[in-house]
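One structure is given here, and the rest of the page talks about it.
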Amino acid sequence: MTTPRGDVGPPLAGPDEKTTLLTFLDYLREAVAAKLDGLSEAEARTPGVASGTNLLGLVHHLTGAELNWFVWGYAGEDITPASLSFTPDEGETIESVRAAYRAATARCNAIAAACDDLAAPGVRARRSSPGPSLRWILVHMIEETARHAGHADILRERLDGATGR
């Protein structure tokens, strides 16, 4: 069992816009993934609110969001859109969900790194509008991940009192 990490301050700004956006997104991603540290499988699946939201489900959901926005939408890769469910699959574990999340975020970072123009539209969108720009996707994923990082903070504190980013 690992001890949850304490508070970690925000990162320093990067030398350019894309680096800054990716640095903050990675900071938030790691904060969410770290909320699983030291938990048993049962604790990670324990609902903290009436809706049933749990820590493992939050990371499962964010994995799907990353893949849908960057891989399916922006890059237009031929993948089936990922589930955005907050309920992890029966056989998923802390390690498998965290590994899938880290693999997805690495794949998404590679897509972002290959982009020379943050304003360039993505290949497709779920709505009947043009694909959003990489800038929009990065800002949206910072917002989405930060929102769920806040949820994760509360869920973890309710489980065992652990606080910090």
Side-chain angles (χ1 to χ4, degrees), residues 8 10-36 44-45 47-49 51-156 165:
V8 177
L12 298 175
D16 57 63
E17 182 183 13
K18 182 168 55 170
T19 302
T20 300
L21 292 170
L22 283 169
T23 299
F24 270 87
L25 182 53
D26 281 340
Y27 165 73
L28 292 166
R29 290 165 168 164
E30 185 52 35
V32 169
K35 288 298 174 180
L36 295 170
R45 289 176 179 273
V49 292
S51 67
T53 302
N54 60 72
L55 286 166
L56 200 62
L58 283 176
V59 179
H60 181 268
H61 167 78
L62 285 170
T63 302
E66 293 268 355
L67 293 170
N68 289 346
W69 282 111
F70 288 95
V71 180
W72 181 84
Y74 190 78
E77 292 183 21
D78 189 23
I79 64 167
T80 301
S83 167
L84 296 176
S85 170
F86 285 90
T87 304
D89 297 335
E90 184 69 31
E92 290 183 308
T93 65
I94 292 170
E95 289 313 308
S96 70
V97 168
R98 189 172 9 212
Y101 185 53
R102 289 202 166 123
T105 61
R107 187 173 181 187
C108 297
N109 280 353
I111 290 167
C115 175
D116 292 331
D117 180 6
L118 292 178
V123 173
R124 59 182 162 216
R126 290 189 154 236
R127 298 180 186 111
S128 61
S129 60
S133 69
L134 183 61
R135 177 181 289 110
W136 187 94
I137 292 170
L138 286 166
V139 171
H140 171 65
M141 285 309 302
I142 289 168
E143 173 268 329
E144 175 88 359
T145 307
R147 180 173 181 240
H148 293 313
H151 297 146
D153 287 343
I154 293 166
L155 293 173
R156 182 60 190 255
R165 288 181 272 215

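The model shown is predicted, which means the values in this text are computed figures rather than measured ones.
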State whether the side chain of [X] and the backbone N or O of [Y] hold a donor-acceptor pair below 3.5 Å, judged by distance alone.
| X | Y | answer |
| --- | --- | --- |
| D89 | G91 | no |
| S96 | T93 | yes |
| H60 | V97 | no |
| R45 | L56 | no |
| N68 | P81 | no |

Minimal non-hydrogen separation, [X] against [Y], with atom names:
| X | Y | result |
| --- | --- | --- |
| A100 | T63 | O-CG2, 3.8 Å |
| K18 | C115 | NZ-O, 2.5 Å |
| P88 | G57 | CD-CA, 3.7 Å |
| S133 | L118 | CB-O, 3.2 Å |
| A125 | P132 | CB-CD, 4.1 Å |
| G48 | L155 | CA-CD2, 3.4 Å |

Side-chain contact test, heavy atoms from C-beta onward, threshold under 4.5 Å: evaluate it for [X] versus [Y] and give yes or no.
| X | Y | result |
| --- | --- | --- |
| L134 | F70 | yes |
| E77 | R107 | yes |
| R29 | M141 | no |
| W69 | C108 | no |
| V123 | Y74 | no |

Those residues at least two apart in sequence (or on a different chain) that pass side chain to side chain contact (heavy atoms under 4.5 Å, CB included) with L62 are V32, Y101, E144, T145, H148
Practice item. Salt-bridge test for E92 and R98: reply yes if a basic N is under 4.0 Å from a carboxylate O, no otherwise. Key: no
Rounded to the nearest 0.5 Å, what separation is found between the [atom1] atom of [X] and the [atom2] atom of [Y]?
| X | Y | atom1 | atom2 | result |
| --- | --- | --- | --- | --- |
| R102 | E66 | CZ | CD | 12.5 Å |
| L67 | T80 | CG | OG1 | 11.5 Å |
| N109 | L138 | CG | CG | 8.5 Å |
| H61 | N54 | NE2 | CG | 12.5 Å |
| D26 | I142 | CG | CD1 | 9.5 Å |

ask   = With a cut-off of 6.0 Å (strictly less than), are more than 12 heavy atoms of other residues, nucleotides or ligands near CG of D78?
value = no
* More than 12 heavy atoms of other groups within 6.0 Å of D117 CG -> yes
